[in-house]
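This is the structure, below, for whatever I ask next.
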Protein chains: 2
Amino acid sequence: MPTIGDVARHAGVSRSTVSYALSGKRTISRETRDRIEVAIAELGFTPNAGARALATSQTMVIGLFVQFFEDEFSPAMLQYVLPISDAAREAGYDILMVTEADGAHAVRRIASSGMVDGVIFLNVAYEDKRLPVMRKMPQPGAMVGLPRVPDDFDVFDLDFAASGRILVDHLAERGHREIILITPREHVFERGGGYAWRFRDAALQRAATYGIRVRSYFGETQQPAVNQQLNRILDAREESAMIVHNDAVIAALPSVLYSRGVRVPDDLSVVGAFSEDFGKLFSLPYTAVETSPNKLGRLAVQALVRRMTDPLGAGAPRVELVAPHVTDRASTR
Amino acid sequence: MPTIGDVARHAGVSRSTVSYALSGKRTISRETRDRIEVAIAELGFTPNAGARALATSQTMVIGLFVQFFEDEFSPAMLQYVLPISDAAREAGYDILMVTEADGAHAVRRIASSGMVDGVIFLNVAYEDKRLPVMRKMPQPGAMVGLPRVPDDFDVFDLDFAASGRILVDHLAERGHREIILITPREHVFERGGGYAWRFRDAALQRAATYGIRVRSYFGETQQPAVNQQLNRILDAREESAMIVHNDAVIAALPSVLYSRGVRVPDDLSVVGAFSEDFGKLFSLPYTAVETSPNKLGRLAVQALVRRMTDPLGAGAPRVELVAPHVTDRASTR
DNA sequence: CTGAAAGCGCTTACAG
DNA sequence: CTGAAAGCGCTTACAG
C-alpha cells in the first residue's frame with residue numbers, strides 16, 4: 001500500500017504538504033493541490049488508520065458493547081445495533097462491536113488499549129459490572145439502559161415506569177377492573193434488569209390507585225415453555241385484559257390466542273410494549289407502548305459524538321428517559 | 001494512559017525489554033520479569049493498539065461487512081453475526097462491523113486504510129459489487145454466500161441446490177404429486193441473490209424427474225402482504241404439500257394456518273429451510289433443512305484466521321458448500 | 001540476558 | 001505558500 005511519502009515524492013512536494021492538503025488545515029496553492037490529487041488518484045492512496053490514530057490520538061471508532069442474555073429475546077437487540085451503526089457512520093465513525101460474555105473484561109481490553117474513542121453499552125443493568133471499569137477509562141461513554149449510578153455517562157432509556165402507568169391508564173379508562181400482567185422472566189429481575197421492575201412496580205402502583213386487581217406472572221422466554229405457560233394462564237383467566245411486558249410472550253401470543261379461539265379485543269383486551277419493527281416482524285396486532293430502539297440508539301450516538309468531539313462544551317452528563325407513546329392498534333375494548 | 005516507556009522507567013529496564021517480556025519472544029531473567037510485571041500492574045498499562053498495529057502491520061481486527069436488504073427478513077442476519085463475533089474473539093480478533101449501504105465503498109475505505117487484517121462478507125450476491133474492490137486489497141477475505149466468481153476468496157454457503165432436491169425427495173417419498181413452492185421475493189432473484197435460484201431451479205428439476213407438478217410463487221417479505229398472499233395461495237390450493245424457502249412466509253405460516261383451520265400434516269404437509277434458532281424464535285413446527293448459520297459463520301472465521309496468520313500454508317482458496325441436513329419435525333405425511 | 005536505535009506512517013508545531 | 005523535523009507508542013533487528 002502506498003504511503004504519504006510515496007504521494008509526496010510522486011507530486012514533488014513534502015509529506016507535510018500532502019497531509020495538509022488532505023486535512024485542509026492550511027491553504028495550498030492551486031497547482032500543488034492538483035498535483036497531489038493526481039498523485040493520490042494514481043497511486044490509490046488512503047491514509048493508514050493506525051498511523052493516523054497514533055499521531056492524533058483519535059481512532060474514529062466507537063466501541064459498541066452488546067450483551068446477550070439467555071433470558072432475553074435476541075431479535076430485540078439488533079434493533080438497537082443497526083441504527084447505532086448507521087448514526088455512527090453518518091458522524092464519521094466506525095463500529096467495533098463487542099459481544100464478549102465477560103463485558104467488564106472486554107471494556108478494559110478495548111478501552112485501555114485505545115482502540116476506540118468512546119463506547120456505547122447496550123442493555124445496561126441496574127448494577128452493571130461494565131460501568132466501574134469504564135469509569136477509570138479516559139474515553140466517554142453513553143448507555144442505553146438506566147444503571148443505579150449513571151454519573152459520568154450519558155444515559156438513555158425508555159421511561160418504563162411511565163410506560164407501565166400509561167398502559168394501566170389505557171385499560172382503566174376502558175373500564176377494565178381485573179388485569180393480567182406478564183413481566184420479564186424472574187431471572188431478569190434478579191440479575192438487575194431495571195426495566196423489568198420499573199415497569200412492573202409502576203403498573204402495580206397505578207392499578208392500586210384505581211382499585212384494579214392485577215395478577216402478575218413472570219413470563220417465560222424459551223419455547224415450548226412460553227406457549228405452555230400462556231395456556232395455563234389463559235386456562236385460569238378471570239381477567240378481561242392483559243398487559244404483556246415480555247418480548248417472547250407477546251411474539252407467541254397471536255398463535256396461542258388463535259389456537260384457543262380467543263378473540264382480541266372481543267374476548268380479551270391486550271396491550272404490550274414493543275417497537276414498531278418488532279411488531280411488524282411478528283405481525284402483532286396489539287396496542288403498545290413504542291419502545292423506540294431506533295431513537296434511543298441515535299440519541300446515544302449523538303451524545304457520545306458530542307462528548308468525543310467537544311468534551312468541555314458537552315456539559316454535564318445527563319439521564320434522559322424517553323416518554324412513552326402509545327400506538328393504538330385497537331386491541332382493547 | 002501509561003506507555004511502555006513509563007513501565008520501563010518504573011521497572012528500571014529498557015523499553016525493548018518490556019516489549020519482549022510482553023510478547024515472550026525472548027527469555028527474560030526471573031527478577032527482571034517480576035519487576036516488569038509489578039510495574040505493569042501498578043501503572044495499569046495496556047499496550048496501545050494503534051502503535052502496535054503500526055509497528056507490526058497487524059490490527060487483530062476483522063472487518064465484518066453486513067448487508068441488509070429490504071427484501072429480506074432481518075433476524076436471519078443476526079444468526080451469522082453472533083457466532084462470527086464469538087469465533088473471532090476466540091482466535092484473538094475483534095470485529096469491526098460495517099453496515100454501510102454502499103458496501104463496495106465501505107470495503108475500500110476500511111481495507112485500504114489498514115483498519116482490519118481481513119474481511120468477512122455476509123449475504124454475498126451472485127454479482128457482488130464488494131468483491132472486485134476487495135480483490136485489489138492486500139487483506140484476505142472469506143465469504144458467506146456463493147458469488148459468480150469466487151476466486152481469491154474462501155467461500156462458504158449452504159448447498160441450496162441440494163437443499164431444494166432433498167426436500168422434494170422428502171415429499172416425493174411420502175407420495176406427494178403436487179407441491180406448492182414459495183421462493184424468496186422476485187426482487188431477490190433480480191438483484192442476484194444466488195441462493196434463491198439455486199434452490200428453486202434444483203427443486204423444480206428434481207420434481208420433474210418424479211413427474212411432480214410444482215406451482216411456484218414469489219413470496220412476500222413484509223406484513224400485511226405476507227398474510228394476504230398466503231391466504232390467496234391457500235384459497236386456490238389443490239396441492240397436498242408445500243415447500244417454503246422464504247423466512248418471512250414461514251414465520252407467518254403457523255398463524256395463517258391456525259386461522260384457516262388447516263392442520264399440519266393432516267391437511268397439508270409443510271417443509272422449509274431455516275435454522276434451528278430461527279425455528280425456535282418463531283415456534284415453527286415444520287420439518288426443514290437446517291441452514292446452519294452458526295456453522296457457516298465459524299467456518300468463515302476459521303478459514304480467514306488461517307489465511308491471515310499463515311498466508312502461504314493456507315493453500316488455494318476453496319469453495320465449500322455445506323451439505324443440507326433435514327431436521328424432521330413430523331410436519332409431513 | 002539486556003539495551004540503544006531505527007522504523008512503522010501519519011500530524012503538527014516551528015521556521016522561513 | 002511550503003518544508004524539515006519531532007513525536008505519537010510500539011516492535012525488532014543489531015550489538016554486546
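FYI, side chains are in, hydrogens and waters are out, and symmetry mates aren't considered; it's all heavy atoms of this structure. Here is how names work: the chains are called A, B, and so on, in the same order as the sequence lines, proteins then strands, and each is numbered from 1.
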- prompt: Touch check for A/S16, heavy atoms < 4.0 angstrom, all strands: base, sugar-phosphate only, or nothing?
  reply: base
Residues B/N48 and B/T3: side-chain donor-acceptor under 3.5 angstrom: no
task: Evaluate the side-chain proximity of B/M137 to B/D152: yes if any heavy-atom separation is below 4.5 Å, no if none is.
output: no
- request: Before accepting this row, confirm whether a basic side-chain N of the pair B/D154/B/R306 lies closer than 4.0 Å to the acidic partner's carboxylate O.
  value: no
- line: Under a 4.0 Å heavy-atom criterion, DNA chain C is touched by chain A from C/dG9 to C/dC14
task: Output all residues satisfying side chain to side chain contact (heavy atoms under 4.5 Å, CB included) with B/A87, sequence neighbours left out; order by chain, then residue number.
output: B/R298, B/V301
- line: The correct set of residues in residues 31-60 of chain A placing a heavy atom under 4.0 Å from DNA chain D is A/T32, A/L54, A/A55
Secondary-structure notation, DNA chain C, from Watson-Crick and G-U pairs under 3.5 angstrom (| other strand): |||.||||||||.|||
query: Taking the side chain as C-beta and beyond, is there a heavy-atom pair between A/V144 and A/N123 under 4.5 Å?
result: no
message: Quick one about A/S19 and A/S16 (side-chain donor to acceptor, distance below 3.5 Å, no hydrogens or angles considered), yes or no?
response: no
- request: Please work out if B/T3 contacts a base, only the sugar-phosphate, or nothing of the nucleic acid, heavy-atom cut-off 4.0 Å.
  value: sugar-phosphate
- line: Applying ring-ring contact (aromatic ring centres under 6.0 Å, His included) to A/F121 and not counting sequence neighbours gives A/F65
query: When you look at CZ of B/R148, are more than 12 heavy atoms from neighbouring residues, nucleotides or ligands closer to it than 6.0 Å?
result: no
query: For A/K129, which residues count as a side chain to side chain contact (heavy atoms under 4.5 Å, CB included) partner, sequence neighbours excluded?
result: A/A104
- request: Spell out, as yes or no, whether a donor-acceptor pair under 3.5 Å connects the side chain of B/T56 to the backbone of B/Q58.
  value: yes
message: Heavy-atom nearest nucleotide on DNA chain C for B/R26 versus A/I4: which residue maps closer to 5'?
response: B/R26
